[in-house]
Amino acid sequence: MDGGRRAILRSAGQATLVALAAAAGLIKPEDARAEGWNKSAFDARSLGEALKGLAAGEPAQSKDIAFVQTPEIAENGAVVPIGVASALAKTEAIAILIEKNPNTLAAVFDIAPGTEAAVFTRVKMAQTSNVYALVKADGRYYIASKEIKVTLGGCGG
Amino acid sequence: MLTIAAIALAGCATTASDQEIASKATAILKQSFKPAGQAGLDRLEQDDAQRICSAAAGKPVSREAAAEIEKANLATIRYPADGKLVGDWRNGEKLAQEGRGKQFSDDPRGPVGGNCYACHELTKSELAFGTIGPSLYQYGKARGQSADVQRYTFGKIYNSEAFAACSNMPRFGYKGILSEQQIKDLTALLLDPASPVNQ
Amino acid sequence: MRRSSPEGRRLAARARAGLRALFAALAVAAAPLAAAQGSVSEEIAKYRAALQDGNPAELWEARGEGLWRERRGPKQATLERCDLGKGPGVVKGVYAELPRYFADTDRVMDLETRLVWCMVQLQGYSEADAKRNPFGSGNDKKSDIEALVAYITSESRGVKMNVPLTHPKEAEAYGVGEKLFFFRGGTHDFACATCHGEDGKRIRLQELPNLVTKEGAQRAYTTWPAYRVSQGELRSFEWRLYDCFRQQRFPELVFGSDAAIALTMFLARNSNGAVFDAPAIKR
Amino acid sequence: MKIRASLAGDSTEVKVLMSHEMETGQRKDANGQTIPAWFIQNVSVTWNGKTVLSAQWGPAVSKNPFLSFKFKGGTKGDKIVIHWVDNRGDRRTDEAIIA
């Protein structure tokens with residue numbers, strides 16, 4: 001698994017540098033207001049755009065991010081329980097992204113020092129989709145994913 | 001013959017108090033609903049099959065009563081004048097998925113579906129299927145497409161009680177839920193070798 | 001995450017992370033979940049379990065408790081003298097003994113009907129006003145009745161169902177309810193029993209309780225009212241009946257009607273002995 | 001809001017339910033008119049005045065949102081304050097005491 005991944009990653013190394021340069025220009029100045037809302041990230045309509053909006057660049061796949069109390073099948077897309085826990089040291093933020101939703105980014109949580117890097121919430125899913133958990137830890141970005149199937153329950157009427 | 005029927009009726013005759021409760025229930029029913037959207041109070045008027053099946057309260061009706069119901073309902077089936085019973089399975093699949101139609105909350109202009117998946121397994125791709133009715137997966141593969149199978153299948157969708165008195169399945173053609181063409185399309189969903197039902 | 005770390009540090013981190021291209025990450029991520037895919041019903045069970053902790057019904061319960069104690073209506077009175085069957089003002093455990101016969105109205109009443117009666121008697125509302133909005137819809141049309149029902153039923157959580165059948169009118173309501181349960185009608189020939197008369201059946205993926213059996217009635221009745229996640233609303237038992245009949249293709253069940261009360265009596269009585277455990281949360 | 005804050009070992013577990021439509025802006029009403037988006041954008045949770053969690057939400061967070069997390073510290077009687085502001089600028093603040 002590791003060796004295979006490294007091989008893929010090496011071949012993608014050049015593309016990474018290009019993307020890095022692009023991303024560098026997208027870093028946004030600190031919002032002066034106490035309560036900021038990252039419009040560009042929430043308006044994003046794809047995973048790539050949302051990651052850009054979050055200035056997350058190209059996050060690394062991580063096994064230290066786990067979906068907890070998150071079922072693989074949702075009985076109803078209006079309420080899908082999602083729990084994300086990060087075992088990465090100095091986790092500063094956790095974001096939930098849903099690939100096939102009209103807007104990819106669902107939520108971002110800033111984790112204060114002393115707060116456990118685990119959040120539980122519920123999101124809407126328009127259809128069966130990969131759900132991504134993006135974690136910022138010690139200044140770096142990591143990602144994990146899980147497919148959640150959305151089914152049609154009830155009497156169909 | 002008549003004597004036998006009379007004895008059979010006597011065997012499941014209701015007590016006086018049960019009849020009182022039944023007539024009370026009928027009266028209460030009429031006061032407890034109001035017309036809404038496309039659903040008028042006429043929907044509470046029962047035909048013979050509905051009345052007899054209701055009175056059985058979940059137990060099987062007598063063999064004689066079942067035969068009567070099946071005979072009367074069989075006579076209602078109108079087979080297509082053009083003799084073609086099998087339509088387009090693709091449209092049939094859409095109808096099988098569609099749950100709307102005839103509810104007071106539904107647009108009377110449609111859509112109206114068969115909502116087959118509510119009760120039946122039909123294809124391997126749809127996980128959300130009900131089990132009130134039997135699985136119909138590979139229905140056509142198991143039975144072939146002979147004229148008899150086509151007639152039975154079309155007829156069963158048109159009026160299920162022609163073949164099974166007090167069936168849980170709606171009488172889609174007889175009660176005007178689905179059009180002749182729609183029943184043809186559902187027949188195709190079940191019988192067409194290309195239909196996902198038969199994969 | 002919006003608050004970025006200093007740019008230099010970020011770029012250094014990026015360089016170190018150079019091996020971790022997004023494409024690779026996504027390639028790994030998109031790989032199908034190989035093993036560990038539980039069966040559909042196991043996963044649905046997990047879904048339901050995950051919802052138990054944090055039921056928005058509590059928002060309705062809190063609002064309902066407020067409404068119970070608030071001076072309202074033309075008489076500017078609270079509902080705290082309302083007799084729900086165990087004496088004026090008693091809320092604890094009352095739902096486990098409803099519907100029941102009330103001598104003051106000479107009628108069998110369910111919780112909703114009794115609440116309407118109290119709103120009329122104590123607060124001076126007209127019956128039409130009290131019944132105007134039995135089922136809520138979003139922020140603009142919140143139902144006071146459903147909130148009150150949430151509060152009052154929550155006060156019976158953990159109490160054993162013990163619906164009486166001693167008064168002749170209670171027995172009659174039960175008998176009528178049973179008849180209505182098997183009544184087939186409408187365009188689709190549906191009765192309550194069509195979906196709820198056999199063990200182990202499903203509609204789509206939804207398990208259907210067999211309400212003819214004690215176990216089925218117990219499991220179903222003790223978990224209403226419920227917060228319906230598909231609607232984002234708390235739903236009372238009267239709503240449950242109303243919406244079942246809608247899907248049966250019947251005309252509209254009148255709120256507080258004798259048919260609604262009779263069916264409730266049939267099902268509530270059949271659930272006797274089970275521990276009430278609602279407001280619940282459901283699909 | 002319905003807030004529960006309880007001690008669990010050396011951590012405090014916070015669970016909150018908020019009453020909000022969380023309208024996506026994608027739905028249409030009966031007349032075919034788009035129902036405008038209306039959702040909580042920012043949430044902050046403070047413990048004795050110190051922020052322990054803050055969040056930015058989009059309309060994909062479910063109606064009547066639920067949030068749960070834990071932080072180190074906290075003793076019985078400490079005050080937890082939760083504040084939200086939505087995209088219309090409506091705000092709400094509620095408090096709970098750690099039990």
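A note on names: the letters A, B, ... follow the listed sequences, proteins ahead of strands, and every chain is numbered from 1.
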Could you note down all residue pairs passing salt bridge (charged side-chain N to carboxylate O under 4.0 Å, His left out) where residues 40-67 of chain D supplies at least one of them, sequence neighbours left out?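 Passing the test, one end in residues 40-67 of chain D: C/Glu233-D/Lys63, D/Glu21-D/Lys63.
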Test side chain to side chain contact (heavy atoms under 4.5 Å, CB included) on A/Thr104 and A/Glu49 and set out the steps. CA-CA 9 Å; A/Thr104 310; A/Glu49 264 183 60; over 6 Å; no
Ignoring hydrogens and geometry beyond distance, is a side-chain donor-acceptor pair present between A/Asn38 and A/Ser40 at under 3.5 Å?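 Yes, side-chain donor-acceptor contact under 3.5 Å.
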Sort by residue number and list every residue of residues 68-75 of chain D having at least one heavy atom under 4.5 Å from chain A.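 Within residues 68-75 of chain D, the residues that come under 4.5 Å of chain A (heavy atoms only) are D/Ser68, D/Phe69, D/Lys70, D/Phe71, D/Lys72.
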Interface moiety of D/Gln26 toward chain A, non-hydrogen atoms closer than 4.5 Å: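 Just the side chain, heavy atoms under 4.5 Å.
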Non-hydrogen atoms of chain A under 4.5 Å away: do they reach the side chain of D/Thr12, the backbone, both or neither?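 It is neither, since no heavy atom gets under 4.5 Å.
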Using ring pair (Phe, Tyr, Trp, His ring centres under 6.0 Å) as the criterion, list what pairs up with D/Phe39, not counting sequence neighbours.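 D/Phe39: ring pair (Phe, Tyr, Trp, His ring centres under 6.0 Å) contacts with A/Trp37.
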For [Y], is there any backbone N or O sitting under 3.5 Å from a side-chain donor or acceptor partner on [X]?
X: D/Asn48; Y: D/Lys79; value: yes
X: D/Ser62; Y: A/Val123; value: yes
X: A/Thr70; Y: A/Val68; value: yes
X: A/Asp43; Y: A/Asn103; value: no
X: A/Asn101; Y: A/Ala126; value: yes

Report the C-alpha separation of D/Asp94 and D/Arg92 in whole Å, then their side-chain angles, then the decisive distance to 0.1 Å, and conclude whether the salt bridge (charged side-chain N to carboxylate O under 4.0 Å, His left out) test is met. CA-CA 7 Å; D/Asp94 283 281; D/Arg92 182 160 181 119; 2.6 Å; yes
Which members of residues 113-120 of chain A, sorted by number, sit under 4.5 angstrom from chain D on a heavy-atom basis?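 If one takes a 4.5 Å heavy-atom cut-off, the residues of residues 113-120 of chain A near chain D are A/Pro113, A/Gly114, A/Thr115, A/Glu116, A/Ala118, A/Val119, A/Phe120.
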